[in-house]
Protein chains: 2
Amino acid sequence: MVTIADVARHAGVSPSTVSYVLSGKRAISAATRERVAASIKALGYHPHAGARALASSRANVIALVVPLRTDMHVPILLQIAMAIVTAARGHDHDVLLLTNDEGTEGLHRVARSALVDAVIVMDVELHDPRAPVLRELGLPSVLIGFPADPAGLTCVDLDFSAAAGLCVDHLADLGHTGVALIGPPAGVLERGTGFARRTLSGFEEAAARRGLRTLVRPCETAHEAAWATAKELRTEHPEITGLVVHNEPTVPPLLEALRGLDVTVPGDLSIVAMGPQDLSAAVSPRLTMVPIPAEEMGRRAVELLMGKLNGDDRVPGSTLMAPRLMAGDSTAPPPPR
Amino acid sequence: MVTIADVARHAGVSPSTVSYVLSGKRAISAATRERVAASIKALGYHPHAGARALASSRANVIALVVPLRTDMHVPILLQIAMAIVTAARGHDHDVLLLTNDEGTEGLHRVARSALVDAVIVMDVELHDPRAPVLRELGLPSVLIGFPADPAGLTCVDLDFSAAAGLCVDHLADLGHTGVALIGPPAGVLERGTGFARRTLSGFEEAAARRGLRTLVRPCETAHEAAWATAKELRTEHPEITGLVVHNEPTVPPLLEALRGLDVTVPGDLSIVAMGPQDLSAAVSPRLTMVPIPAEEMGRRAVELLMGKLNGDDRVPGSTLMAPRLMAGDSTAPPPPR
DNA sequence: GGCGGGCGTCGAAGCGCTTCGATTTCGCAA
DNA sequence: TTGCGAAATCGAAGCGCTTCGACGCCCGCC
């Protein structure tokens with residue numbers, strides 16, 4: 001193993017000088033700096049992570065807690081996780097992967113053992129048991145999603161209320177007067193993931209503002225449920241000409257059911273969905289949608305965390321990311337009556 | 001922070017004794033052991049990970065390299081990753097998440113800095129640039145998937161050849177005499193992911209052994225491609241009554257296309273798929289399939305790695321996991337002619 | 001010409017743990 | 001009672017790094 005002493009000897013300086021070159025915490029003359037840099041390269045030196053952590057009480061590692069069982073779309077989860085790793089590397093940090101099967105004990109462990117110096121928690125529920133633990137540990141943290149009581153915590157999420165509003169406005173602008181929200185299965189709402197409620201209220205509010213008639217349907221993912229929903233829409237609610245679907249896996253079977261019922265999209269019915277961006281291209285017609293900005297969420301979470309790590313106490317407690325609507329081919333003016 | 005000295009004082013022993021209680025590397029009397037354990041609990045002591053790594057030159061962390069761009073089904077990827085984390089925790093190790101956007105440099109970095117003491121690499125390609133790096137670093141490692149030249153490396157994967165054989169045998173047992181392999185898009189084969197070829201050869205071999213007529217079709221995921229494939233099968237290859245689908249995302253559109261063409265499954269056509277287990281229940285009819293044992297693969301990879309970490313040099317270089325066929329409702333004897 | 005003050009560098013003291021030899025203790029045979 | 005080996009415990013030396021105070025040097029100023 002190459003140590004800092006080896007580098008120092010090679011460059012003809014003291015170990016502390018090498019350390020200062022590396023950290024930039026003291027002024028070093030350009031000449032020395034370059035000589036040391038050359039020695040580092042020549043010897044292929046990498047500081048020993050453990051020694052560094054011990055001496056500086058900074059591990060330069062953050063923990064990422066990923067749920068085992070999730071309400072989120074799995075590919076999105078991975079996208080966010082990857083974005084977090086990439087962003088963390090950009091700030092010279094690595095990412096330790098934690099699951100929930102150790103329970104909150106895992107959080108205690110990595111924090112108390114100084115394995116990590118900050119935490120990002122994904123897929124937060126309304127009454128998430130991890131929230132109080134984070135408060136208690138007093139370790140910098142960022143949650144992706146909002147618990148019921150976010151006091152004292154830093155949270156990031158898509159502004160689902162605004163997203164639903166964007167969908168409604170888009171349909172209203174096209175001339176639709178009756179819109180439905182096809183939400184996630186009823187269970188999700190009850191289990192207490194905040195975003196479902198926020199979507200709902202944003203939907204209702206925007207519809208009221210635009211004077212639209214509304215309908216709200218949870219919908220299971222299964223094939224049959226999609227058909228039932230499609231049929232009900234056509235027979236019992238002909239006034240509904242625009243759909244806001246906030247339930248990604250339902251989209252393909254729903255489209256199939258509509259096709260089966262000879263309902264054309266967007267001729268007879270317009271659809272705008274909220275979900276992972278890649279869904280748009282995966283179905284036909286190409287979906288108009290409000291994508292979940294996974295990459296951006298991950299990046300932002302890391303930026304907030306780094307702010308807290310650097311002792312910046314102006315880090316906002318709540319960050320709602322602005323949604324954008326991506327036009328596709330699944331929305332058009334309603335059919336003439 | 002609670003240190004080992006605090007625990008020692010509290011228990012009335014020396015720090016080294018506490019260390020030996022923790023590691024079990026020397027005999028400690030039951031009385032002392034219990035007293036120390038009580039002190040540890042009372043003070044909530046967790047050893048400082050960095051200090052431990054420094055002194056013992058063992059970080060008790062393994063790196064998991066996850067591809068950014070993947071040929072694997074994403075949920076499977078995550079399942080394997082989670083299984084790895086869980087299994088690693090079972091061996092008192094944590095998992096550091098690495099992406100490939102640092103290139104192989106990231107591997108160098110975490111290895112040379114002693115951040116991790118072993119590596120698991122996922123989604124290995126035939127000419128994977130990480131393979132030579134792993135050999136060179138001389139750090140215990142396990143690959144999930146096989147490179148073209150696995151010499152000197154430890155690899156784990158599903159036995160895709162046997163899996164394809166299992167599918168063919170199942171169809172042959174039911175009386176089918178003409179079977180087709182619906183494989184991944186052509187690009188995948190060329191890009192050099194070994195499993196596609198192994199599936200192909202297993203398929204051909206088993207079919208030859210059973211005297212079946214065969215057809216091999218790559219198939220894109222898109223809706224249109226699925227329809228085209230379905231139509232071609234019915235019009236040009238009526239002798240084909242059994243399908244082996246090794247291309248998970250194609251299954252739903254393919255089923256839809258067949259339904260659209262009034263081909264019943266399994267009445268007119270039997271389908272057996274290789275892919276993530278959860279696919280089976282997600283479509284109708286419930287699929288007969290050879291699931292990819294994500295959980296088991298992750299666990300096995302960790303076990304092999306721990307073997308290498310403990311200096312066990314009987315760790316096999318190659319581990320092919322035996323496939324199992326799960327009967328569903330998508331296969332039946334072929335229709336009478 | 002002397003002196004104060006940066007700037008650049010060094011030396012040494014830990015950070016908390018493991019580990020190895022040394023030391024103590026104990027049980028038991030002589 | 002003494003001696004001896006095994007069992008149990010201790011003390012101290014690092015592991016490789018950061019950091020803080022100290023030091024030397026050179027420059028500019030009076």
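Letters A, B, ... mirror the listed sequences (proteins, then strands); counts begin at 1.
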Base, sugar-phosphate or nothing for [X]? Non-hydrogen atoms, less than 4.0 Å.
X       : value
A/Ser56 : sugar-phosphate
B/Thr3  : sugar-phosphate
B/Leu54 : base
B/Thr32 : sugar-phosphate

Does A/Arg26 reach the main-chain N or O of A/Tyr20 with its side chain, forming a donor-acceptor pair under 3.5 Å?
no

Between the main-chain N or O of B/Asn60 and the side-chain N or O of B/Asp117, is there a donor-acceptor pair closer than 3.5 Å?
yes

Is the shortest side-chain N/O distance from [X] to OP1 or OP2 of [N] below 4.0 Å?
X       : N      : result
B/Ser14 : D/dG11 : no
A/Ser29 : C/dT9  : yes
B/Lys25 : C/dT19 : yes
A/Ser19 : D/dT18 : yes
B/Ser57 : D/dC15 : no
B/Arg52 : C/dT18 : yes

Run the numbers on B/Glu105 and B/Arg109 for salt bridge (charged side-chain N to carboxylate O under 4.0 Å, His left out), then give the verdict.
CA-CA 6 Å; B/Glu105 190 45 43; B/Arg109 187 175 55 80; over 6 Å; no

Nearest-nucleotide comparison on DNA chain D, the residue closer to the 5′ end among B/Ser16 and A/Ser23:
B/Ser16

Can you check the [X] [atom1] to [N] [atom2] distance for me, whole Å?
X       : N      : atom1 : atom2 : value
A/Asn60 : D/dG16 : CG    : P     : 20 Å
B/Arg33 : D/dA7  : CZ    : C1'   : 13 Å
A/Leu22 : D/dC17 : CG    : P     : 9 Å
A/Asp6  : D/dC15 : CG    : P     : 12 Å
A/Ile4  : D/dG16 : CD1   : C1'   : 8 Å
B/Tyr20 : D/dG11 : OH    : P     : 13 Å
A/Arg35 : C/dT9  : CZ    : P     : 8 Å
B/Arg9  : D/dC10 : CZ    : P     : 14 Å

Any donor-acceptor pair under 3.5 Å joining the side chain of A/Tyr45 to the base of D/dC17?
no

Taking the minimum atom-to-atom distance to the side chain of [X], which one of [options] wins?
X       : options                : result
A/Ala55 : D/dG11, C/dC15, C/dG8  : C/dC15
B/Val13 : C/dG16, C/dT18, D/dC10 : D/dC10
B/Pro47 : D/dT18, C/dC17, D/dA8  : C/dC17

Interatomic spacing from CD1 in A/Ile292 to CZ in A/Phe195 - rounded to 0.5 Å:
7.5 Å

Just how far is it from atom CD1 of A/Ile76 to atom CG of A/Asp123, taken to the nearest 0.5 Å?
11.5 Å

Can a donor-acceptor pair be found between the side chains of A/Thr17 and A/Ser14 at a distance below 3.5 Å?
yes

Between B/Ala51 and B/Arg26, whichever has its closest DNA chain C nucleotide further toward 5' is B/Ala51

